[in-house]
A.B. asks: 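Before anything else, here's the structure in question.
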Amino acid sequence: MSAEKTPIPLGSNFIRAIVEKDIEQGVYSTRKWAGSPGDAAHHAAGQPDPAKIRTRFPPEPNGYLHIGHAKSIFLNFGLARDYAGVCHFRFDDTNPEKESQEYVDSISDAVKWLGFSWENNGESNLYFASNYFDLMYRAAESLIENGHAYVDSQTAEEMRIMRGTLTEAGKNSPWRDRTVAENLSLFREMRDGKHADGSLILRAKIDMASPNINLRDPAIYRIKRAYHHNTGDKWCIYPMYTFAHPIEDALEQITHSICTLEFEDQRPFYDWLLGRLAEAGMLAQPLPKQYEFARLNLTYVVLSKRKLIDLVQDHHVSGWDDPRLPTLAGARRRGYVAEGFKLFTDRIGVSKADSWIEYTILEDCMREVLNESSERRIAVLDPIKLVIDNYAVDADGKSQTEDCFAPNHPLKPELGKRVVPLSRELWIEREDFMETPSKGYFRLVPDGLVRLRYGYVVKCTGFEKDAAGNVSTVHCEYLPDTKSGTLGSDSIKVKGNIHWVSVAHAYETEVRLYDRLFKEAHPGAGDRDYLNDINPNSVTVITAQLEPSLKDANPEDRFQFERHGYFVADRKDSVADKPVFNRTVTLRDAWQK
RNA sequence: UGGGGAGUCGCCAAGUUGGUUAAGGCACUGGGUUUUGAUCCCAGCAUCCGAAGGUUCGAGUCCUUCCUCCUCAGCCA
């Protein structure tokens, strides 16, 4: 007998393997944590870190978060949650020209919406890189003092030329050998605003001949007179990402610094920088380590910041939260749910291989959680009239009304049933009647039988067309002993089962039917302009007839409209007693298509 | 043509120090249940791991060569 294979749990990946090994070997067990970020001395005075690991999610507040970020958020926060660690939520705000409070707010909202918190045991782990500017400045002086950095007077253009190419080594700057004293004084003058933007720059002194271009004396501090959303006008020099990020990680005692593949080439510099600062006694050890994974690519979607900004600014969509956009704000309005993203990230895994995930995977994840969590309701989206000619009328000729009972969730009887009123005139779906049925069609046809879901079996007796030749009204007669839920209701078996809403009781409202924003799997692939791949029919706004109970829906209430799909009451455009609905995703449809 | 990565079923993705029948999910195809053509259930689905050689009793896992794709030359992140 062979040992039973234990299936690898969904969500296992190479990064988790690294974390598990590090914990097992106690790589980070001696770390101390002073309760807040800081340098070596600061943490040395702290307690042994109660967090086994520390990860971080470090967005730059220069745009809205999108679905790709969800992968990173679940990875980082998930790792912390699963391994008794803490995940820091840190704004990487080192370039004031592109950043703003609006983005800080929207990003915070998105992270919260996904279900994560940066509060851990009474400690807030919300941080801003800009809060470390003093420490970063000190780190830069430390580098200078130890001969690891110098102030360059070359122009950006000169630097570019001197950097060499992918195949040719670069050349040393003529300013590379300035003395420590001169560098220090120049750097201080930079800080004190004595020099014009771009006239001087601080560079790491590594190797202009390195085959890794990132090691050819990278720029680490530039002069930039710009108002910062957090520090105001305090600084006129700002650190570059390459310099700032490793330091942020180290000050926060991050153990596993996880980023995307394009930063792989940066890792040698990450280690170099932290190594120099640690040997100067500035940073606590052990130092953080950077690991890279493949960023998310989704078919039928664009996730580049630039393209998303274009779509918004050029009004191809209504705003950052347009339900067709892959932003988290848009996904939320569309009716996507956080648990769906969790399922999705578990399902697609984490690796270093470039990959394109089929968009339907995401939709399936949403269907899966929505099927479980959404109550059912009835909606007729493309109505035509069905008249039950033999239905009872009162003496005054008005139709009688009777209650039908519809379960709120077929898989959860404990959620009970609701009343749906039935009367003589109903709205039914245009596509549920065919004058001349195609093969395999088993809904309403002339002389045919069909069940009105939760009501009676009816027989079609005729139909009328309007001037344009379209069917406008269908006539039928009901079979009295067939009401759903009554004894013997199944005496007559019919395959077709259609939904309906009483005309006299219907709630008429706006419903938006969304489809994918792009008609091509890879927008802009080849030499096409991605804007030409926009789907002109990405949204259809209709007036639908809904069952009366839907009038009471609150913003963000989600339902399955039976036989159609999942819908959400729009959180922005719904007003009291007048909710409007967005289609999140359709049901799977084995018929047609 | 320099450096750094990646290539396992249509789409993802596990594959311990080489050990012998190549996980799992999604999709797909059959069949069953069903008052949503939904859900659910059951079954099937890579003699093969980018290619070619080699080492070995034994290779997706080691060696050699080759091919393809991604990425780096911002005072962006």
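Proteins come first, then strands; the chains are lettered A, B, ... in the order of their sequence lines, and each starts at number 1.
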A.B. asks: Using only side-chain N and O atoms of Arg160(A), determine if any of them is under 4.0 Å from OP1 or OP2 of C75(B).
C.D. replies: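 So the side-chain polar atoms of Arg160(A) never come under 4.0 Å of the phosphate oxygens OP1 or OP2 of C75(B).
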A.B. asks: Decide yes or no on salt bridge (Lys or Arg N to Asp or Glu O under 4.0 Å) for Asp152(A) and Arg203(A), but give the supporting numbers first.
C.D. replies: CA-CA 7 Å; Asp152(A) 199 339; Arg203(A) 290 229 256 173; 3.0 Å; yes
A.B. asks: Using a 4.0 Å heavy-atom cut-off across all strands, classify Ser351(A) as base, sugar-phosphate, or nothing.
C.D. replies: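 Ser351(A): backbone/sugar contact only, no base atoms under 4.0 Å.
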A.B. asks: Who are the salt bridge (Lys or Arg N to Asp or Glu O under 4.0 Å) partners of Arg583(A), not counting sequence neighbours?
C.D. replies: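 For Arg583(A) there are no salt bridge (Lys or Arg N to Asp or Glu O under 4.0 Å) partners, ignoring immediate neighbours.
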A.B. asks: Quick one: list whatever passes salt bridge (Lys or Arg N to Asp or Glu O under 4.0 Å) with Glu189(A), sequence neighbours left out.
C.D. replies: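 So Glu189(A) forms no salt bridge (Lys or Arg N to Asp or Glu O under 4.0 Å) with any residue.
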A.B. asks: Which residues in residues 235-243 of chain A have a heavy atom closer than 4.0 Å to any atom of RNA chain B?
C.D. replies: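 Output list: Met240(A), Tyr241(A).
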A.B. asks: Heavy atoms only, 4.0 Å cut-off, all strands: where does Asp92(A) land among base, sugar-phosphate and nothing?
C.D. replies: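 The answer is sugar-phosphate, as Asp92(A) gets under 4.0 Å only of primed atoms, P, OP1 or OP2.
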A.B. asks: Using a distance-only criterion (donor-acceptor N/O pair, under 3.5 Å, no hydrogens), is the base of G3(B) paired with the side chain of Asp265(A)?
C.D. replies: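 In this structure, the two groups form a donor-acceptor pair.
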A.B. asks: Students often get this wrong, so: under 4.0 angstrom with heavy atoms, is Gln560(A) touching a base, only sugar-phosphate, or nothing?
C.D. replies: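 The residue Gln560(A) makes base contact.
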A.B. asks: Does Val301(A) have any side chain to side chain contact (heavy atoms under 4.5 Å, CB included) partners at least two apart in sequence or in another chain, and if so, which?
C.D. replies: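 Side chain to side chain contact (heavy atoms under 4.5 Å, CB included) check on Val301(A) returns Leu298(A), Leu303(A), Pro326(A), Tyr359(A).
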A.B. asks: In whole angstrom, give me the gap between the C1' atoms of C49(B) and C62(B).
C.D. replies: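 Result for the C1' pair: 16 Å, nearest Å.
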A.B. asks: Given the P atoms of C66(B) and G4(B), what is the spacing between them in whole Å?
C.D. replies: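 Their P atoms lie roughly 16 Å apart.
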A.B. asks: Taking side chain to side chain contact (heavy atoms under 4.5 Å, CB included) as the definition, give me every residue that meets it alongside Asp22(A), ordered by chain and number, with sequence neighbours left out.
C.D. replies: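 Listed in chain order: Ile18(A), Val27(A), Tyr28(A), His256(A), Tyr291(A).
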A.B. asks: For this output row, return yes or no: ring centroids of Phe581(A) and Phe561(A) closer than 6.0 angstrom.
C.D. replies: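 Here the rings of Phe561(A) and Phe581(A) have centres that are less than 6.0 Å from each other.
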A.B. asks: Under a 3.5 Å cut-off for both distances, is G58(B) Watson-Crick or wobble paired, and to whom?
C.D. replies: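 Partner of G58(B): none.
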A.B. asks: Going by side-chain hydrogen bond (donor to acceptor under 3.5 Å, both in side chains), name the pairs with one or both residues in residues 59-73 of chain A, residues two or more places apart or in two chains.
C.D. replies: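 Residue pairs with at least one partner in residues 59-73 of chain A: Glu60(A)-Asn62(A), Asn62(A)-Lys305(A), Tyr64(A)-Glu102(A), Ser72(A)-Asn76(A).
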A.B. asks: Look for any protein N or O under 3.5 Å of an N or O in nucleotides 29-31 of chain B and output each such pair with its distance, or none.
C.D. replies:
none

A.B. asks: Going by ring-ring contact (aromatic ring centres under 6.0 Å, His included), name the residues that satisfy it together with Tyr441(A), two or more places apart in sequence or in a different chain.
C.D. replies: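 With neighbours one apart ignored, the set is empty.
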A.B. asks: Partners of Ala525(A) by side chain to side chain contact (heavy atoms under 4.5 Å, CB included), sequence neighbours excluded?
C.D. replies: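 With neighbours one apart ignored, the set is His522(A), Arg528(A).
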A.B. asks: Under the ring-ring contact (aromatic ring centres under 6.0 Å, His included) rule, collect the residues that match up with Phe91(A), sequence neighbours excluded.
C.D. replies: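 By the ring-ring contact (aromatic ring centres under 6.0 Å, His included) rule, Phe91(A) matches Phe89(A), Phe128(A).
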A.B. asks: Could I get the full list of side chain to side chain contact (heavy atoms under 4.5 Å, CB included) partners for Glu339(A), not counting sequence neighbours?
C.D. replies: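 Listed in chain order: Val337(A), Val369(A).
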A.B. asks: List in numerical order all residues of residues 292-309 of chain A for which some heavy atom is under 4.0 Å away from an atom belonging to RNA chain B.
C.D. replies: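 Heavy-atom cutoff 4.0 Å gives no residues at all.
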